[in-house]
Amino acid sequence: SIICVQAWQKRLREDPGLRVKFYFAMASHRGAADVTLTIPLFSILALLAWASSASDFDLADEIAHALQASDECDATGASDACSLNAIQLRKLQKQNLRRSSVGYEAAPDHTAGWTRIRRSSNSDIHELVFVVKPRNLEKLEALAIDLTDPSSPNYRKWLSGQEVRDLTRNDASLLALKGVLHSYPDVKILQEALGGEFVRAHAPVATWEQLLNTEFHIWEHPDSDDSIVRASEYMLPENLHPHVSGVLNAVDMADMLPKNTPGVDKEEDDVLRGLRPQFGYDSYLDLEKVKGPHLVTPVKLRKIYNMPPIHPRESELAKQESNVTQVVFATLSQHWSPSDRTVFEATFDIPQDQYVRQLEGELSGNAMSGDKTCRDHPTKCAEANLDVQYMMAMAPWANTGYWYIPRATSSGMVDFLIDFVERYVTAQEAPDVISISYGMPENFISRSALLMFDVQSMKLAARGVTLLSASGDDGAAGFLARTPRNGKECWSVPMYGLQATWPASSRWVTGVGATVG
């Protein structure tokens, strides 16, 4: 246990030469044995530090081999302590060999509470997404920076979607990837992105383990009924890593979203328990009487950020603004209320000419809107109402869309990235502004997911698309600290540290914090 190790560390500081008699029984393919070692304490502490690490390290086998070998020790003979240190050296050599590989990726340092339970069955079908390395990445980055620089003569001379695809599509790598996948009879290619950004494929776990030199396990989370199939690490074969920048659904852990909204959940619970007559307030004036005059309003925001007043209807500036398209991202069953939006706009003299369109192929019009849902379950409307109403309050003449993705499943991160690419990156027409009021700790995101999002966001920047994202509601501790665990507040900080919120942390996204009126 941690307490036990700390106690031994204290003893070691008091007596650096302390040795401990260590009894254990072991069995390996070299036979069984009972072993008694007298070992320096620092070696035991080192053993505890790595004993539960990578899955390809057979502890009993390595101990047996080290006790019989003296290659890492002096010529006078292998002492017990020297042999144990040899185990550590051999372990580190194996890890360093893998991690120095160009195609190596490990799971994020922090798995957000997901725990490895057992090996996945060889026959289980699992889907992976192979992210293709784009061409001309450095040129694209230079272009995106140049086109967004007000001092550049090329400022706002945006590229079209086709021009970005022509610049970055990598047909050679795409062909090489599909060739490797087709060489495995059990692999079925499900989808190839329009711009060649990725290839989705599924196969039995045993096939992926062979291809990626890894093991897949079942992982579970205490806050979820769901389970996921993931590896702790993987390594691309030499014939793939020149063509593939990463693999999704391999080591990236699904995010666990907060279960409560600050303030909102308590108010709804109080209504259900009869402690207050209703959720919310009948009007802004009623709200101001209770909360005081320091509430944020559209008028205050315009003043704070030095924005001009709303342009008059039919004015030239209003017509120009009507050519702008803005999109609100939503998930977690969030609806918005048409009647509440109407009251909000009437209260603050905001034009009501525009409406919100659901951006989904099989849905249209006012999908994911519903007054009854918002009255019965206010928490299902808190975020969406806020986002829709204030987005339209700041740009009432703009065309507003509602981009909805259902509540995240075990592949929620991958679903988001694929939808992001298909809906905006590969589309010939993209909105001018995309607002994402959601996020998760950056250190829970896999390297492949971070890289894929950054590259696709860079493409949008070169096309003149502005990405906005919330920097979080909970400060540097992140949303994991919102709910006490085991009676402790901010339990996640000692475990995970302070956290930057992604995607606001991306260099191609404008992170937006709170405004106090």
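Of all heavy-atom pairs spanning Arg302 and Pro396, the tightest one is NH2-CD, 4.0 Å. Nearest approach of Ala106 to Val251, heavy atoms of both residues: O-CG2, 3.7 Å. Of all non-hydrogen atoms in Thr373 and Lys380, the two that sit nearest each other are CG2-CD, 4.2 Å. In plain terms, the two heavy atoms of Ile218 and Ser227 that are nearest each other are CG2-CB, 4.1 Å. Ala144 and Trp508 make their closest contact through CB-CZ3, 3.8 Å (heavy atoms, listed as atom of the first residue, atom of the second, distance). Annotation for Glu209 and Phe216: closest pair OE2-N, 2.7 Å, computed over non-hydrogen atoms.
Checked by atom type and distance alone, the side chain of Glu163 pairs as donor or acceptor with a backbone atom of Ser160 at under 3.5 Å. In terms of modelled atom types and a separation under 3.5 Å, the side chain of Glu192 and the main chain of Val199 share no donor-acceptor contact. A distance-only check finds a donor-acceptor pair linking the side chain of Arg463 to the backbone of Gln428 [under 3.5 Å]. The main-chain N or O of Lys133 is never found under 3.5 Å from a side-chain atom of Ser173 such that the two would form a donor-acceptor pair. With His217 contributing its side chain and Ile228 its backbone, the two residues share no donor-acceptor pair below 3.5 Å. At least one donor-acceptor pair closer than 3.5 Å links the side chain of Ser469 to the backbone N or O of Ile436. Side-chain atoms of Asp124 do not come within 3.5 Å of backbone N or O of Val205 as any donor-acceptor pair. Checked by atom type and distance alone, the side chain of Arg341 never pairs as donor or acceptor with a backbone atom of Gln389 at under 3.5 Å. With hydrogens and angles disregarded, no donor-acceptor distance shorter than 3.5 Å links the side chain of Asp340 to the backbone of Ser337. Side-chain N or O atoms of Arg135 include one that pairs as donor or acceptor with a backbone N or O of Asp166 at under 3.5 Å.
Enclosure of atom CD in Gln162 by more than 12 non-hydrogen atoms of other residues, nucleotides or ligands within 6.0 angstrom is indicated.
Asn136 and Thr168 share no side-chain donor-acceptor pair at under 3.5 Å. Judged by distance alone, the side chains of Ser152 and Asp149 never bring a donor and an acceptor atom under 3.5 Å apart. A donor atom on one side chain and an acceptor atom on the other are found under 3.5 Å apart for Ser437 and Asp387. A donor-acceptor pair shorter than 3.5 Å cannot be found between the side chains of Trp502 and Asn443. At a cut-off of 3.5 Å, with distance as the only test, no side-chain donor of Thr115 or Glu220 sits close to an acceptor on the other residue.
Not counting sequence neighbours, Arg156 has no partner by the side chain to side chain donor-acceptor pair (under 3.5 Å) test.
Leu301 is listed as a side-chain neighbour of Met394, based on a closest heavy-atom distance under 4.5 Å. Within the 4.5 Å cutoff, the side chain of Val327 has no heavy atoms near those of the Val433 side chain. The closest side-chain heavy-atom distance from Ile350 to Pro298 is below 4.5 Å. Between Thr466 and Leu468 the shortest side-chain heavy-atom distance falls below 4.5 Å. Counting heavy atoms from C-beta outward, Ser120 and Trp219 have side chains that stay 4.5 Å or more apart. Side-chain contact between Tyr155 and Pro153: absent, with no pair of heavy atoms (C-beta onward) separated by less than 4.5 Å. Put simply, the side chain of His335 does not reach to within 4.5 Å of the side chain of Tyr402, judged on heavy atoms. Between Val247 and Glu105, the closest side-chain pair of non-hydrogen atoms is not below 4.5 Å.
The CD atom of Glu197 lies 8.0 Å from the CZ atom of Arg165; values are rounded to the nearest 0.5 Å. Rounded to the nearest 0.5 Å, atoms NZ (Lys372) and OG (Ser339) are 13.5 Å apart. Leu212 CG to Leu128 CG: the interatomic distance, rounded to the nearest 0.5 Å, is 6.5 Å. For the atom pair CG of Asp146 and OG of Ser151, the computed distance is 8.5 Å after rounding to the nearest 0.5 Å. Note that NE2 of His202 is 10.5 Å distant from OG1 of Thr207, once rounded to the nearest 0.5 Å. Rounding to the nearest 0.5 Å gives a distance of 9.0 Å between CG of Asn399 and CE of Met392.
Between Trp208 and Phe130, a ring centre-to-centre spacing shorter than 6.0 Å is recorded. In summary, the aromatic rings of Phe344 and Tyr390 are positioned with their centroids under 6.0 Å apart.
Every pair passing side chain to side chain donor-acceptor pair (under 3.5 Å) that includes a residue from residues 309-320 is listed here, sequence neighbours excluded: Arg313-Asp353.
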Anything under 3.5 Å between a donor and an acceptor, one on a side chain of residues 449-458, the other on a protein residue two or more places apart or in another chain? List them.
unit_1: Asp454; atom_1: OD1; unit_2: Ser506; atom_2: OG; d: 2.6
unit_1: Gln456; atom_1: OE1; unit_2: Lys459; atom_2: NZ; d: 3.2
unit_1: Ser457; atom_1: OG; unit_2: Phe453; atom_2: O; d: 2.8

Exercise. Are Ile310 and Trp397 close enough, and set up right, to give a side-chain contact (heavy atoms from CB on, under 4.5 Å), and what steps lead you there?
Worked result: CA-CA 9 Å; Ile310 295 174; Trp397 303 116; 3.9 Å; yes
Problem set entry | Residue pair Leu295, Glu288: steps toward the side-chain contact (heavy atoms from CB on, under 4.5 Å) verdict | CA-CA 7 Å; Leu295 297 171; Glu288 191 174 42; 4.3 Å; yes
Problem set entry | Candidate pair Tyr305 and Lys300, rule side-chain contact (heavy atoms from CB on, under 4.5 Å), full reasoning | CA-CA 9 Å; Tyr305 291 103; Lys300 289 180 181 178; over 6 Å; no
For this session: Check the pair Val229 / Asn249 against side-chain contact (heavy atoms from CB on, under 4.5 Å), numbers first and verdict last.
Result: CA-CA 8 Å; Val229 176; Asn249 269 352; over 6 Å; no
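Relative ring orientation between Phe329 and Trp403 is described as perpendicular, the plane-to-plane angle rising above 60° on a 0-90° scale split at 30° and 60°.
The pair Glu215-Arg116 does not meet the salt-bridge criterion, since no charged nitrogen lies less than 4.0 angstrom from a carboxylate oxygen.
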